[in-house]
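I have placed the structure first, in the form of structure tokens, so that the comments after it can refer back to it.
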Amino acid sequence: MTNYIQNVVDALSLGGLYALIALGIALIFGLMRLVNFAHGELIMVGGYAMVLLSGLGLPLMIGGALVVAAVVAVTMERFAFRPIRTASPPTLMVTSFAVSYTLQNLAIVALGAHARTVAISGPLSGSFDVRDLRLSRLPLVTIAVVLILLGVMRLFLTKTALGLHMRAAAEDFEMARLVGVSADKVVASAFLLSGLLAGVVSVLLIAQSGTVSPTVGVTPLIVGVVAVVIGGIGNLTGAVVGGFVLGTLTVLLQIFLPLDLRVYRDAIVFTAVILILLARPQGILPSAQGVRA
Amino acid sequence: MTRSRAWLAAVSWAVLPVMLSVLVAFVALVAASLSATSERVATESLINVILVVGLYIFVGNSGIVSFGHVSFMALGAYGTAILTIPVAKKAFLLDLPGILESASAGPFISALLPAAGAGIVALVVGVPILRLSGLSAAIATFSLLLITFTIVNNWRSVTAGPSVLVGTPTFTTLSWALSWAVAAIFAAAAYQRSRFGLRLRCSREDEFAAKAIGVRVVRERVIAFSLSAMVVAIGGTVLAHERGAFDPKAFYLQATFMMIVMLVVGGLHSLSGAVLGALAVSGISEGLRRMEQGVTLWGGLTVPAIPNVRDLGLGLVLLVILLKRPGGIMGSREVSLIAWPGRANAPSGGSAAAQSAEK
């Protein structure tokens, strides 16, 4: 029984984390048809912000991670993606790949290739007991944060003017501009949100692993992109669903795979991804186009 | 048509690969003669040409960016290692089934057999995957890369797992690499002028229109994918015999990035672009690598040694090219000397009829 609850918590927490990553990627994709491969590096940058601010207290570290990730995201948009906004999807994809590679190596050159440790203490770590269950805090905090953020995003997209503009632009960019939506503002805002989401992910991720390295964003990126695709391209809810599906699948495999096959867990997950894509190329929750709240 | 005209028309497809081969040979020989170590650099550049031309056969003609081709490179490298590592060493390093354990092959077989294997794997994997288009296809190929890496990294008995696999005989010379590069270029040129290549290019330009005129898109993609996999696998075998020792990390994200940089810098839709991109980026990469160790410029200025500046530099180079010339150096054009009167030169992407000579 205790195991069961722990497993469910783990699945939800990992799924939630993946959902946040997927959401950050899907926001941009819905708008510009651009898969931001550099999203992983936003997480990395948030992580290094915490490294550099460590010792100044948790609130400052978290704030720093969010701010730095958001700033880098907006800068990325301004200098790397805005000039090629109208280019073909393969070009956009390769450009974001290039940004990702450049940022990783910039981190290596500037900060060294080795992993740095960050000690996060306080409300995020440790565990507590409920009856005869020992629950660790972090997964529960993760789940709570994910649910709150998803709710906030939904409110933002449905109730605010900027959110409405974003949805309009995602559905039909040209038309939206014709009726007065500012393309620059909408795209920059999307990147800002994406950066903030990446910042949150970096805090939760590093609270769990305790280390930051230049390649810390690679795995989350892969997971995020895959989650977006299997969840339904161009569909925010789909991205979230994809994230939860992927997280749950990973945890289930981790639990039920026999010990000697466990190293192949990732290979099996990605085979499952290919199978899902073949069965439903449009994703689990397809949408015609655009951002759906 | 006169007989000589007919003959010319029949062999006209060979003009491009001949020119490219001459260029490649020239650059390689000049580069190799520059210094003692540069022969190795030249050989690696030629291997890059093989790999990028192989990637181009699929990506350039189909328009689908494949992140998974490095898997075939790995197949080629590990395949040839299993076939050529001396039997005694093999028994010690790996734990293979009997037939493979005692196998020992010469240079040609050890290049062609893994290539055939890669072609078959590409066929099997391609048929389901290549029904997808655009982003889904790219993700599927990326998944292929990850699956292959995970398997290779963990299958200790066949690949020595994450450890470096040593013992592959290092018989790759400049001429060996050059021969295969020329063969790859000819294969790519022949393919892109063939009806298979032309049909695939149709589907690249407009998938639905191509289907409407009867092009079986998935079939053409799979053919290109297989051919492309075979060429890339051969590149992997040549690389294995040049390095002598390698580990799974050599066939993962960095290699994928390098191949894509070379193709994009040269021009995604052009064979000449693939070749030029491979040579250019290899050259820039080597130049940056020397800078990594610190360089004294004329006038006494010393640039201090900055490790890892090579990869950073390559990333920046790629970014600049993408922002300024997204089509790459060659765009969709091919290198050619002669304008055949009244005839479009090598097929290209958007611009159709009036192609003129490029020098």
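- Residue V269(A) does not touch chain B at all, counting heavy-atom pairs closer than 4.5 Å.
- With rounding to the nearest 0.5 angstrom, the OG1 atom of T150(B) is 10.0 Å from the CD1 atom of I268(A).
- Contact annotation for I260(B): only side-chain heavy atoms (C-beta onward) come within less than 4.5 Å of a heavy atom of chain A.
- Between the CG atom of L145(B) and the CD1 atom of I222(A) there is a distance of 8.0 Å, given to the nearest 0.5 Å.
- Atom OG1 in T215(A) sits 11.5 Å away from atom CD in Q254(B) (nearest 0.5 Å).
- Taking chain B as the reference chain and counting heavy-atom pairs below 4.5 Å, the highest number among V226(A), L103(A), L278(A) is found for L278(A).
- Once rounded to the nearest 0.5 Å, the distance linking CG of D311(B) with CG of L106(A) reads 12.0 Å.
- When the candidates L323(B), V65(B), N153(B) are compared by the number of heavy-atom contacts under 4.5 Å with chain A, L323(B) comes out ahead.
- F81(A) does not touch chain B: none of its heavy atoms, backbone or side chain, sits under 4.5 Å away.
- With a threshold of 4.5 angstrom between heavy atoms, A137(B) does not approach chain A through any atom at all.
- The aromatic ring centroids of F67(B) and F37(A) lie less than 6.0 Å from each other.
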Exercise for review: Please step through side-chain contact (heavy atoms from CB on, under 4.5 Å) for the pair I147(B) and I274(A), ending with a clear verdict.
Suggested key: CA-CA 10 Å; I147(B) 294 171; I274(A) 294 184; 4.0 Å; yes
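- Of the atoms belonging to L132(B), it is side-chain heavy atoms, and not backbone ones, that fall under 4.5 Å from chain A.
- Atom-to-atom distance recorded for F270(A):CZ and T148(B):OG1 is 12.0 Å, nearest 0.5 angstrom.
- The contact between L146(B) and chain A is made entirely by side chain atoms (from C-beta outward), counting heavy-atom distances below 4.5 Å.
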Exercise for review: Step by step, work out the side-chain contact (heavy atoms from CB on, under 4.5 Å) result for L322(B) and I84(A).
Suggested key: CA-CA 8 Å; L322(B) 284 168; I84(A) 56 159; 5.8 Å; no
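- When each of P128(B), G63(B), G313(B), A138(B) is checked for heavy-atom pairs under 4.5 Å with chain A, P128(B) comes out on top.
- Note: N105(A) leads V35(A), V99(A), N105(A) in heavy-atom pairs under 4.5 Å with chain B.
- The nearest pair of heavy atoms linking A98(A) to G315(B) is CB-O, 4.4 Å.
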Check your understanding: Run the side-chain contact (heavy atoms from CB on, under 4.5 Å) check on T102(A) and L319(B) step by step: do they pass?
Key -> CA-CA 8 Å; T102(A) 305; L319(B) 269 176; 3.8 Å; yes
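- Counting only heavy atoms from C-beta outward, the side chains of Y101(A) and L318(B) never approach each other to under 4.5 Å.
- Contact annotation for V94(A): both backbone and side-chain heavy atoms come within less than 4.5 Å of a heavy atom of chain B.
- For R216(B), the CZ atom sits in a loose shell: 12 or fewer heavy atoms of surrounding residues, nucleotides or ligands are nearer than 6.0 Å.
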